[in-house]
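Small disclaimer: the values here were computed from a predicted structure and weren't measured. Heavy atoms only: backbone and side chains are in, while hydrogens, waters and symmetry mates are out.
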Amino acid sequence: MLTNNPMTALERRVVAALALLYSFRMLGLFMVLPLLALYAADMMGASPLMIGVALGAYGATQALLQIPLGWLSDKIGRKPVILGGLAMFVLGSVVAALAESVQVIALGRALQGAGAISGSVMALAADVTSEEQRTKAMAVIGISIGLSFALALIFGPLLAAWGGLEAVFWMTAALALLGMAIVALGIPTIATRAHEDVGANRNMFRPVLADPALRQINGSVFLLHFMLTASFLVLPSVIEGSMGVPRDSHWQVYLPVLVLSLLGMYPLLRLSERGGRTGLAQKITVLMMSASLALLFLGKDTLLLYAALCGFFTAVNYLEAVLPSLVSKAVFAHGKGTALGVYATCQFLGAFVGGTLGGLVYGYVGLTGLLWLILMAAVLWLVLIWRIDPRAEPGAAAGVF
């Protein structure tokens with residue numbers, strides 16, 4: 001529940017700084033999504049597989065390091081880990097900006113992901129906020145992530161049209177440096193504290209991994225980011241080729257589509273939250289995402305392609321908003337921090353596997369093979385969620401936290 005009581009001045013300052021920091025970092029990661037398949041195609045070493053690896057490389061190192069770095073921040077403090085992670089992000093961005101081959105871009109993206117500070121940022125937000133204000137703080141940071149995704153799809157193509165792919169990576173480095181300044185100058189050093197709702201507990205991994213409701217949610221976020229990353233191997237080419245929009249004008253496609261997709265989320269959220277039919281809403285979005293991608297990959301009519309893009313981003317935005325809240329509703333007492341850590345790990349793994357396997361299939365089998373791979377993932381997803389655990393429905397976990 002979001003409290004009506006206001007935050008203190010310190011809470012407002014730190015939460016605003018962390019939300020800005022988080023949005024800068026995610027903006028840098030997301031801006032590459034609509035660009036890499038187009039701009040890296042003419043680089044040395046380019047192939048569908050290597051472009052897919054470069055798209056998803058950050059996910060592998062994020063998944064590997066975010067929980068260990070969260071534990072490290074418990075021992076040496078949040079700010080040193082966050083500053084070190086941002087420095088690694090700067091290094092990865094510079095490596096990618098100077099790259100002359102796709103392999104080096106993939107290395108840069110992996111280094112960017114190695115600055116895995118998500119858990120440390122959330123823990124710092126928990127350190128500075130009272131338990132009463134913590135949900136509000138997490139919601140503010142969560143909203144900043146969603147806005148970053150939308151802005152990245154618009155500003156990424158604009159920036160690349162001006163200075164190419166390297167300009168995007170230089171901008172991500174600059175944003176990370178700005179983030180370091182925010183941490184160093186705008187956030188006070190605060191004693192670390194233990195939180196049940198933030199940070200992974202070693203003793204809770206087994207029950208979290210064994211829980212059927214959490215397995216459904218973790219599988220869902222893995223498959224969502226698998227399909228999302230794999231689809232961006234082709235989506236930019238569809239906009240440039242089938243829709244006839246030059247790459248420096250792609251933002252003119254993404255802007256109205258994203259606005260319409262936010263409007264399209266309303267009936268799904270109404271069905272999910274007010275109707276108490278989360279399972280049905282999830283099934284609808286998985287089917288909507290699959291049908292939209294099939295139309296995008298195979299369709300030729302421009303209006304139909306625009307409609308398919310709206311359907312695709314409506315499904316993605318809805319699921320990105322709803323799945324994290326389902327973790328909180330489904331998890332048992334004392335397991336929330338661990339459950340969220342496992343959830344984020346599955347999310348990043350999905351991005352890595354989707355980019356790599358999608359690139360491999362696209363390179364060897366072509367567009368039809370990639371579409372079948374995505375549709376098989378959708379079928380697996382529907383099987384996974386066909387019977388939603390009742391604890392994942394709205395209100396089922398009321399009063400637990």
Parallel, tilted or perpendicular: rings of Phe312 and Phe232 (30°, 60°): perpendicular

Side chain [X], main chain [Y], donor-acceptor under 3.5 Å:
X	Y	answer
Thr229	Phe226	no
Ser249	Val245	no
Arg109	Leu29	yes
Ser23	Ser148	no
Lys283	Trp386	yes

For Glu240, all residues meeting salt bridge (charged side-chain N to carboxylate O under 4.0 Å, His left out), sequence neighbours excluded: Arg247

I need the [X] [atom1] to [Y] [atom2] distance, nearest 0.5 Å.
X	Y	atom1	atom2	value
Leu158	Leu151	CG	CG	11.0 Å
Thr338	Ile67	OG1	CD1	8.0 Å
Thr285	Ile385	OG1	CD1	6.5 Å
Leu287	Leu382	CG	CG	5.0 Å
Gln62	Phe352	CD	CZ	13.5 Å
Gln282	Leu224	CD	CG	10.5 Å

side-chain contact (heavy atoms from CB on, under 4.5 Å) involving Ile284 - partner list, sequence neighbours excluded: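 Ile284: side-chain contact (heavy atoms from CB on, under 4.5 Å) contacts with Leu268, Leu271, Leu280, Met288.
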
Intermediate values then yes/no, side chain to side chain contact (heavy atoms under 4.5 Å, CB included), Leu111 and Thr61: CA-CA 8 Å; Leu111 290 171; Thr61 46; over 6 Å; no

Worked check of side chain to side chain contact (heavy atoms under 4.5 Å, CB included) between Leu323 and Tyr343: CA-CA 9 Å; Leu323 288 177; Tyr343 170 90; 3.3 Å; yes

Indicate the atoms forming the closest heavy-atom contact of [X] with [Y], along with that distance.
X	Y	result
Pro236	Leu33	CG-O, 4.3 Å
Ile51	Val102	N-CG1, 4.0 Å
Leu295	Leu305	O-CD2, 3.5 Å
Gln103	Met44	OE1-O, 3.7 Å
Ile374	Met227	CG2-CE, 3.7 Å
Ile182	Ala17	CG2-CB, 3.7 Å

Steps toward side chain to side chain contact (heavy atoms under 4.5 Å, CB included) verdict (Val32, Thr172): CA-CA 10 Å; Val32 179; Thr172 63; 5.6 Å; no

Met180 atom CE: more than 12 heavy-atom contacts under 6.0 Å: yes

Measure the shortest side-chain to side-chain distance between [X] and [Y] over non-hydrogen atoms and say whether it is less than 4.5 angstrom.
X	Y	value
Leu384	Ser220	yes
Trp251	Leu153	no
Arg78	Ser73	yes
Phe297	Leu370	yes
Ser237	Leu38	yes
Leu91	Val94	no
Val286	Leu223	no
Leu235	Leu309	yes

Would you list the atom pairs, donor with acceptor, under 3.5 Å between side chains in residues 112-124 and any protein atom, with sequence neighbours excluded?
from   : atom 1 : to    : atom 2 : distance (Å)
Gln112 : NE2    : Ser93 : OG     : 2.9
Ser118 : OG     : Tyr22 : OH     : 3.0

From CA spacing to verdict: side chain to side chain contact (heavy atoms under 4.5 Å, CB included), Leu258, Asn317: CA-CA 9 Å; Leu258 287 168; Asn317 289 331; 4.2 Å; yes

Which residues share a side-chain hydrogen bond (donor to acceptor under 3.5 Å, both in side chains) with Arg12, sequence neighbours left out: none

Qualifying residues under side-chain hydrogen bond (donor to acceptor under 3.5 Å, both in side chains), relative to Gln347, sequence neighbours excluded: none

Any pair counted as ring pair (Phe, Tyr, Trp, His ring centres under 6.0 Å), so long as it reaches residues 140-189, sequence neighbours left out: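 Of all non-adjacent pairs touching residues 140-189, those that pass ring pair (Phe, Tyr, Trp, His ring centres under 6.0 Å) are Phe30-Phe149.
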
